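These notes are about the structure you will find just below.
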Amino acid sequence: MKLTKEQKAAHRAAFRNMSPAEKLEYIWEYYKWPILLTLLVLGILIWSARRELTRKEPVLYLALANITVGEDLEQTLTTGYLTASGHNPRRQEVYVYRDLYLSDDADVLNHEYAYASRTKMMGAVQTQKLDVVLMNREAYDLLSAQGYLLPLDDPALPPLVSNEVVVSDNAIEWQLNEAATHERVTETVQNALAMSDCPLFQAAGFEGNVYAGVIANSPRPAEALRYLQYLSSDVRP
């Protein structure tokens with residue numbers, strides 16, 4: 001109901017005569033929902049602005065498959081590269097997928113973890129948010145066989161290693177009795193670097209060899225190759 005001028009004047013006079021505590025109680029009683037809504041909107045705006053100001057742009061996406069690295073080494077793999085390559089660590093980052101486990105022989109305890117890791121990695125590949133993989137031999141064999149690694153031929157890089165890539169395989173048809181024989185065609189391709197003898201990885205004390213490969217559909221191949229050159233340089237954690 002619309003108030004008359006006299007009623008509005010009476011309300012204003014009554015409000016002026018209230019104590020500070022009574023005024024706060026009155027405002028909260030009649031305007032708490034507009035106040036809460038305003039505070040909510042303001043909070044969302046502040047959070048969005050802060051997120052935008054602090055958000056870092058990935059210049060490279062790195063996966064660690066079947067290996068773990070310490071804090072110092074990860075700092076070298078990320079911030080160290082950004083600084084060495086002229087990027088701004090305050091506004092840019094090397095995004096890291098940690099603790100991935102790839103295996104075709106995972107036991108019962110590790111099967112779900114291996115499946116989740118494979119799903120996560122394949123999702124990153126499909127969305128073109130994966131460029132370089134650091135991995136042990138088992139992960140290297142799996143990714144190479146499935147054609148996920150880019151062939152490499154840069155003579156400036158440390159020793160390149162070759163692995164098997166499956167060109168065709170009718171295993172499914174053979175298992176379904178749709179083919180008389182199992183035919184698997186492979187080729188050997190240089191598609192990774194042996195990193196264990198590089199200073200950075202020698203100092204880290206890995207058990208077994210560590211390999212570095214570039215994902216075949218990476219939209220940042222030039223950046224990925226610069227990253228491999230950085231890893232193979234005389235840098236140390």
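Just so you know, these numbers come straight off a predicted model, no measurement behind them. Only heavy atoms go into these numbers, but all of them, side chains included; no hydrogens, no water, no symmetry mates.
Contact check for D99 versus Y113: side-chain heavy atoms found under the 4.5 Å cut-off. Within the 4.5 Å cutoff, no side-chain heavy atoms of R91 are placed close to those of L82. Residues M135 and I67 have side chains not in contact (no heavy-atom distance under 4.5 Å, counting atoms from C-beta outward). In this structure, L200 and S232 have side chains that are not in contact, with every pair of non-hydrogen atoms separated by 4.5 Å or more. In this structure, R226 and V59 have side chains that are not in contact, with every pair of non-hydrogen atoms separated by 4.5 Å or more.
Applying side-chain contact (heavy atoms from CB on, under 4.5 Å) to L77 and the options V132, L60, V96, L231 leaves one that passes, L231. None of R118, H111, E138 except one satisfies the side-chain hydrogen bond (donor to acceptor under 3.5 Å, both in side chains) rule with S103; the exception is E138.
Side chains of Y140 and N191: a donor on one and an acceptor on the other come within 3.5 Å.
By the 30° and 60° cut-offs, the orientation of the rings of Y227 relative to Y81 is perpendicular.
Residues L102 and Y115 do not share a hydrophobic cluster, defined by chaining ILVMFWY side chains whose heavy atoms lie under 4.5 Å apart. Side-chain heavy atoms closer than 4.5 Å link hydrophobic residues (I, L, V, M, F, W, Y) into clusters, and following such links, even through other members, never connects M195 to L130.
When all heavy atoms are compared, the tightest approach of I215 to L149 is CD1-CD2, 4.3 Å. Closest approach of S233 and P199 over heavy atoms only: O-CD, 3.7 Å.
Judged as a side chain to side chain contact (heavy atoms under 4.5 Å, CB included), and not counting sequence neighbours, the contacts of E93 are K56, P58, Y95.
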